[in-house]
Amino acid sequence: MSTSKCCRICCVGAGYVGGSTCSVIAWKCPEIHVTVVDLNQERIDSWNSQSLPIYEPGLLDIVEKCRGKNLKFSTDIDQSIIEADLIFISVNTPTKTFGLGKGRAADLKYIESAARRIAEVANSKKIVVEKSTVPVKAAESISRIFASNRKEGVELEVLSNPEFLAEGTAINDLLNPDRVLIGGSATSSGYAAMKILSQIYEHWVEKERIILTNTWSSELSKLAANAFLAQRISSINAMSAVCEATGADVTEVAHAIGTDSRIGDKFLRASLGFGGSCFQKDILNLVYLCEALNLPEVAAYWNQVIALNDYQKRRFANRIIGSLFNTVTDKKIAILGFAFKKDTADTRESSSIYICKYLMDEEAHLVIYDPKVSRQQILSDLKHPTISDNPSRVDKLVSVTDDPYSATQGAHAFAICTEWDLFRTLDYQRIYDGMLKPAFAFDGRVLLDHDRLHDIGFQVETIGKTVGPRELCLATTPPPP
Ligand code: UDX
Ligand code: UDX
């Protein structure tokens with residue numbers, strides 16, 4: 001490796017984070033050769049095709065500009081490690097499902113196996129960058145693995161460089177980041193490595209936006225940022241329950257508090273609860289860390305953000321059941337939206353999954369429509385053992401359609417679960433005409449024109465607001481304790 005700059009990058013893990021980040025780096029740094037590697041041959045084949053494994057607006061354009069020039073997708077992990085000056089580790093860090101820390105701690109087995117692979121095959125000096133979200137001190141563990149497997153002349157310097165991109169807006173987030181965070185050790189080799197990584201980002205990010213910290217601050221900042229963002233959603237969702245009980249309107253409250261420049265107006269959209277691969281996982285990880293550090297009060301504080309989110313999902317499902325005269329058994333309910341948010345096909349921890357689960361538990365018949373999520377993905381999510389103990393029940397109760405009008409045809413109710421823009425422009429008169437009466441509209445994303453729906457004849461229920469006569473809302477069953 002040149003001592004002052006990076007010519008070749010390897011990224012281990014061709015997921016949302018690794019694939020998107022490295023495509024942007026390749027585009028913005030034409031002199032750097034970037035190879036993204038993955039164990040999964042099918043995934044790599046997709047990256048090498050017209051149909052990328054993830055849906056992210058603008059990504060295919062960038063991949064097509066660079067693929068075959070300075071951007072490569074491969075399963076030859078060892079060769080790519082050997083050639084690289086700098087290696088990103090972007091493998092997934094799921095919540096543990098067994099053993100110590102089950103349900104809370106991050107499973108670092110993929111990080112560790114990537115680190116061991118690097119230690120085994122690297123034959124020259126390299127910078128190893130932890131891109132995956134990890135618990136504080138993971139970089140220290142990686143460094144220890146390297147130190148214990150040290151080879152003559154092979155120095156492996158570990159940095160932390162968490163990614164803050166959000167799905168659906170990943171390309172814009174990468175091109176215009178609020179900040180790039182780089183953590184490293186306070187040694188001359190640590191500073192030199194941070195400088196090399198910083199120079200990559202400086203191709204398109206102003207230097208003032210690149211923050212250098214110690215490794216632990218960098219690792220903790222990523223968990224803290226996600227915890228703070230999720231906390232805002234749980235805070236506004238807590239207010240939404242108060243709004244529904246009092247006649248206040250959560251959108252008006254959000255606007256009123258958001259105009260206070262100290263609070264700000266972002267991440268104050270009340271919803272049926274947050275989803276996605278990061279918020280819950282990272283908070284659980286933070287909670288586990290606090291418990292391990294003997295800080296039970298801090299752990300309990302952050303745990304409440306998740307508890308409120310679970311309550312919000314349950315509350316929305318109960319609202320549907322309560323409004324439909326306390327029974328949804330054998331009733332047809334159209335679920336509009338299955339992705340965890342708009343502009344992505346990702347369903348990880350999507351609130352829709354839990355709404356469907358609660359309604360399936362009551363033997364409702366669900367017809368699900370999502371513009372991007374495949375039928376296979378929907379059924380596999382609903383058949384997951386944590387959601388359904390009997391997969392054949394899912395086949396009996398759930399159907400998936402590619403048309404929102406056929407989803408609502410003959411239904412007792414529809415529920416908006418993802419805020420896809422196209423749901424704003426559907427022909428709701430046509431939908432109403434095709435539904436059983438009374439026709440119920442449940443807007444879990446506070447997305448639709450409720451007065452208009454009410455005028456059409458729908459009974460409208462939304463988050464944080466009472467639409468139409470107030471008694472209708474109060475008639476719903478309170479959630480169980
Ligand atoms: C994100 C973030 O990177 C991470 O911070 C967070 O902890 C989990 O979610 P993401 O890119 O969304 O990761 O994950 P995913 O789409 O699952 O991609 C990870 C990739 O790593 C997969 O393609 C998987 O096949 C690959 N992988 C995993 C390897 O190549 N080697 C392994 O040992 C394990
Ligand atoms: C998040 C962080 O935003 C990102 O910085 C980090 O790198 C990964 O985790 P992501 O999970 O892709 O990104 O999506 P985000 O836009 O943050 O939304 C997460 C969930 O919160 C979604 O279900 C979304 O619908 C919900 N949400 C978001 C709300 O319910 N209300 C809001 O005001 C904002």
Side-chain angles (χ1 to χ4, degrees), residues 11-22 36-44 46-47 53-54 56 73-75 77 80 88-95 106-117 130-135 138 161-170 173-174 177-179 181 219 221-223 225-230 232-237 240 250 254 258 265-283 285 309 312-313 337 339-344 346-352 417-420 444-447 463:
C11 173
V12 184
Y16 282 87
V17 171
S20 311
T21 310
C22 284
V36 185
V37 293
D38 203 291
L39 287 173
N40 184 334
Q41 181 71 54
E42 208 184 322
R43 212 159 226 233
I44 290 299
S46 298
W47 279 107
I54 58 172
E56 197 56 64
F73 296 94
S74 160
T75 48
I77 299 174
S80 172
F88 285 112
I89 302 183
S90 296
V91 296
N92 40 336
T93 50
T95 304
D107 191 340
L108 298 181
K109 69 178 173 198
Y110 301 130
I111 298 262
E112 180 169 341
S113 78
R116 287 189 183 276
R117 195 86 214 130
E130 172 187 89
K131 193 60 140 158
S132 307
T133 305
V134 288
N161 173 219
E163 185 47 67
F164 295 99
L165 67 80
E167 288 175 31
T169 54
D173 296 342
L174 285 161
D178 286 339
R179 78 313 209 176
L181 182 55
E219 290 173 332
S221 297
K222 169 69 196 212
L223 295 183
N226 275 350
F228 272 59
L229 289 169
R232 278 175 75 91
I233 302 170
S234 280
S235 296
I236 200 69
N237 281 343
S240 77
V250 76
D265 61 359
K266 301 217 173 90
F267 267 68
L268 287 181
R269 272 180 293 113
S271 67
L272 73 175
F274 59 74
S277 70
C278 291
F279 282 173
Q280 172 159 312
K281 171 174 74 69
D282 291 351
I283 295 176
N285 188 341
N309 198 49
Q312 188 75 348
K313 290 183 272 191
F340 83 95
K341 65 176 192 179
K342 72 172 180 176
D343 293 337
T344 177
D346 194 349
T347 60
R348 287 178 288 181
E349 283 303 322
S350 176
S351 297
S352 302
C417 292
T418 310
E419 75 280 26
W420 287 103
R445 291 292 188 162
V446 202
L447 183 79
I463 304 281

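First listed ligand is number 1; within each ligand, the first listed atom is number 1. Small disclaimer: the values here were computed from a predicted structure and weren't measured. The analysis underlying the following values was restricted to heavy atoms, covering all of them including side chains, and did not include hydrogens, waters or symmetry mates.
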Quiz item: Which one of L174, T133, L181, D173 satisfies the side chain to side chain contact (heavy atoms under 4.5 Å, CB included) criterion with F164?
Solution: L181
Quiz item: Which is it for L268 and ligand 2 at heavy atoms under 4.0 Å: side chain, backbone, both or neither?
Solution: backbone
Practice problem: Under the side-chain contact (heavy atoms from CB on, under 4.5 Å) rule, collect the residues that match up with L229, sequence neighbours excluded. | Solution: N226, F267, F279
Exercise. Run the numbers on E130 and K222 for salt bridge (charged side-chain N to carboxylate O under 4.0 Å, His left out), then give the verdict.
Key: CA-CA 12 Å; E130 172 187 89; K222 169 69 196 212; over 6 Å; no
Okay, side chain of [X], backbone of [Y]: is any donor-acceptor separation there less than 3.5 Å?
X	Y	answer
R445	C417	yes
W47	G19	no
S352	G337	yes
N92	P94	no

Which of the ligand 2 atoms, numbered from 1, are nearer than 4.0 Å to a heavy atom of [X]:
X	answer
F274	20 (C), 21 (O), 23 (O), 26 (C)
S271	29 (C), 30 (O)
G275	19 (C), 20 (C), 22 (C), 23 (O)

Quiz item: So, does R445 sit close enough to ligand 2 that a heavy atom of it is under 4.0 Å from the ligand?
Solution: yes
What do you reckon, does [X] have a nitrogen or oxygen under 3.5 Å from a nitrogen or oxygen of ligand 2?
X	result
I233	no
F340	yes
F164	yes

Write none if no such pair exists; otherwise list each N/O atom of ligand 1 with its protein N/O partner under 3.5 Å and the distance.
residue, atom, partner, partner atom, Å
ligand 1, 5 (O), T133, N, 2.5
ligand 1, 5 (O), T133, OG1, 3.0
ligand 1, 7 (O), T93, OG1, 2.2
ligand 1, 7 (O), K281, NZ, 2.8
ligand 1, 11 (O), Y16, N, 3.0
ligand 1, 11 (O), V17, N, 2.9
ligand 1, 12 (O), R348, NH1, 3.4
ligand 1, 12 (O), R348, NH2, 3.0
ligand 1, 16 (O), Y16, N, 3.4
ligand 1, 16 (O), R43, NH1, 3.2
ligand 1, 23 (O), D38, OD1, 3.4
ligand 1, 23 (O), D38, OD2, 2.6
ligand 1, 23 (O), R43, NH1, 3.0
ligand 1, 25 (O), D38, OD1, 2.6
ligand 1, 25 (O), D38, OD2, 3.4
ligand 1, 30 (O), D38, OD1, 3.4
ligand 1, 30 (O), L39, N, 3.2

Practice problem: Could you verify whether a donor N or O on one side chain and an acceptor N or O on the other, from E163 and S90, lie under 3.5 Å apart? | Solution: no
Quiz item: Hey, what do you get for CD (Q312) to CD1 (I233), rounding to the nearest 0.5 Å?
Solution: 11.0 Å
Quiz item: Rounded to the nearest 0.5 Å, how far apart are SG of C278 and CG of L165?
Solution: 8.5 Å
